[in-house]
Amino acid sequence: MLRSLPKLSLLFSSARNPHYLSSAQRFISQGRIAASRVKIGVVSTIPIRSKLTSTISSAIASEMAAEDQVQRVNLLTSTDDNYGGVIVELDQHMDSATFVSILRASVSHWKLLGKKGVWIKLPIHLVNLVEALVKEGFWYHHAEPKYLMLVYWIPESPSTIPANATHRVGVGSFVMNEKQEVLVVQENSGLFQGTGVWKFPTGVIDQGEDICVAAVREVKEETGVDSEFVEVLAFRQSHNSFFEKSDLFFMCMLRPLSSDIQAQRLEILNAQWMPFEEYAAQPFIQKSELLKYINDTCLAKMGGQYSGFSPVSTSSNFSDQKNYLYLSAGALKSSNSS
């Protein structure tokens, strides 16, 4: 009798299988266990029939509960991107352990769907989940004042998730009045602080701001002079300029609409209208190859021998939003008329 007990344990190792269940029931009903109690060693006696029935029921219940638990696992709400990935915008507070459980189930689900990149936008009030995400293989993509974006690549293939924005965009404004004077400023902070150098108004473009709008805004903020945009004269690309980011700088020409100067004292030490020749003769300007090219471009424009790029409002097939295409309008007009 004791030798039969290990066979019973094998029969019930997969309690949900009907074959094993019926075999077990026949094993019991055929009287192969005649006594209702069997002495095991000298320690205790076990009610075999009731114990076996209880074991079967418990196994079935446990397995059903486990399956139900899997079916009830929450998944992170996501939207599909245009490149076979998903975007998740978290907002609900949860502890790290709960989050990791849901995250793992979600990644498994996305993997079954053949998804590739996972973008998780983590608001600043859920900063407690950053460590959990990093430990699960996510990495930083970019950060803004109110959120951190983390990403994950599901396939075994090399990741094609694009890098964060690589460039910062700036503008400089060449503003000349009817007296052939240019609007220049001296800065009280930054690289030019304390140098005495007079320079064109410059600044960084805000997010969602057009080049032509930014140039006019910077002139107004730094000098108080109203102006209108004419064209982009030239642009320069440089690298490792600001926290390892590259830089695009657009040199623009503007037409003044007012002349009175009210310098912004927070960043600007002084501002004035200066004859172009005097501006160009500064030792700092003369020693800079870049600034000498810019001066030559401005002189050519003043002499009517140079045409820059004017903004043309356009739309695309991908968005109804208007945007600007900068082109040489005069050359294009001449080409179309010939």
Side-chain angles (χ1 to χ4, degrees), residues 144-145 165 167-236 238 241-242 245 247-280 282 284-285 290-291 294-295 297-299 301-302 306-314 321-327 329:
E144 294 292 340
H167 287 67
R168 186 178 68 157
V169 183
V171 291
S173 297
F174 169 59
V175 188
M176 176 174 283
N177 62 19
E178 296 177 351
K179 301 177 183 179
Q180 303 289 293
E181 296 173 328
V182 290
L183 184 61
V184 292
V185 300
Q186 287 181 326
E187 295 181 344
N188 59 17
S189 63
L191 296 176
F192 289 95
Q193 182 181 10
T195 63
V197 173
W198 292 95
K199 58 184 285 292
F200 294 150
T202 59
V204 177
I205 294 179
D206 293 333
Q207 182 171 314
E209 186 177 36
D210 292 304
I211 295 170
C212 54
V213 174
V216 171
R217 174 183 57 77
E218 285 291 346
V219 169
K220 180 66 174 178
E221 288 181 357
E222 293 190 357
T223 69
V225 173
D226 294 316
S227 62
E228 64 178 354
F229 187 86
V230 178
E231 60 188 28
V232 172
L233 296 177
F235 71 90
R236 177 220 64 195
S238 62
S241 63
F242 187 76
K245 295 296 183 182
D247 184 90
L248 285 173
F249 179 79
F250 290 84
M251 191 65 227
C252 306
M253 181 177 183
L254 280 70
R255 183 180 297 109
L257 300 177
S258 65
S259 58
D260 291 341
I261 292 176
Q262 296 179 348
Q264 180 211 68
R265 297 305 176 186
L266 180 62
E267 299 177 344
I268 304 302
L269 180 65
N270 206 349
Q272 67 170 329
W273 293 99
M274 176 182 286
F276 183 81
E277 293 77 8
E278 183 180 342
Y279 160 78
Q282 295 179 95
F284 180 85
I285 304 296
L290 171 65
L291 295 179
I294 291 177
N295 287 347
T297 302
C298 293
L299 283 171
K301 181 64 182 178
M302 291 164 58
Y306 184 88
S307 177
F309 298 93
S310 303
V312 177
S313 179
T314 63
Q321 182 178 354
K322 291 291 183 179
N323 51 72
Y324 288 106
L325 174 67
Y326 293 82
L327 49 79

Please enumerate all residues that pass side-chain hydrogen bond (donor to acceptor under 3.5 Å, both in side chains) together with [X], with sequence neighbours excluded.
| X | value |
| --- | --- |
| Asn295 | none |
| Asn188 | none |
| Thr202 | Lys199 |
| Asn177 | Glu181 |

Keeping the roles fixed (side chain from [X], backbone from [Y]), state whether a donor-acceptor pair exists under 3.5 Å.
| X | Y | value |
| --- | --- | --- |
| Ser173 | Val175 | no |
| Gln282 | Trp198 | yes |
| Glu218 | Ala215 | no |

Mind checking what makes salt bridge (charged side-chain N to carboxylate O under 4.0 Å, His left out) contact with Asp247, not counting sequence neighbours? Arg168, Arg236

Looking at the rings of Phe235 and Phe309, which for Trp means the six-membered one, are their centres under 6.0 Å apart? no

Residues which pass side-chain contact (heavy atoms from CB on, under 4.5 Å) with Glu277, listed by chain and number, not counting sequence neighbours: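 If we apply the side-chain contact (heavy atoms from CB on, under 4.5 Å) test to Glu277, skipping adjacent residues, the hits are Pro275.
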
Would you say that Thr297 contacts Met251 through its side chain, given a criterion of any heavy-atom pair below 4.5 Å between the two side chains? no

Within-4.5 Å side-chain heavy-atom neighbours: Cys252 and Phe174: no

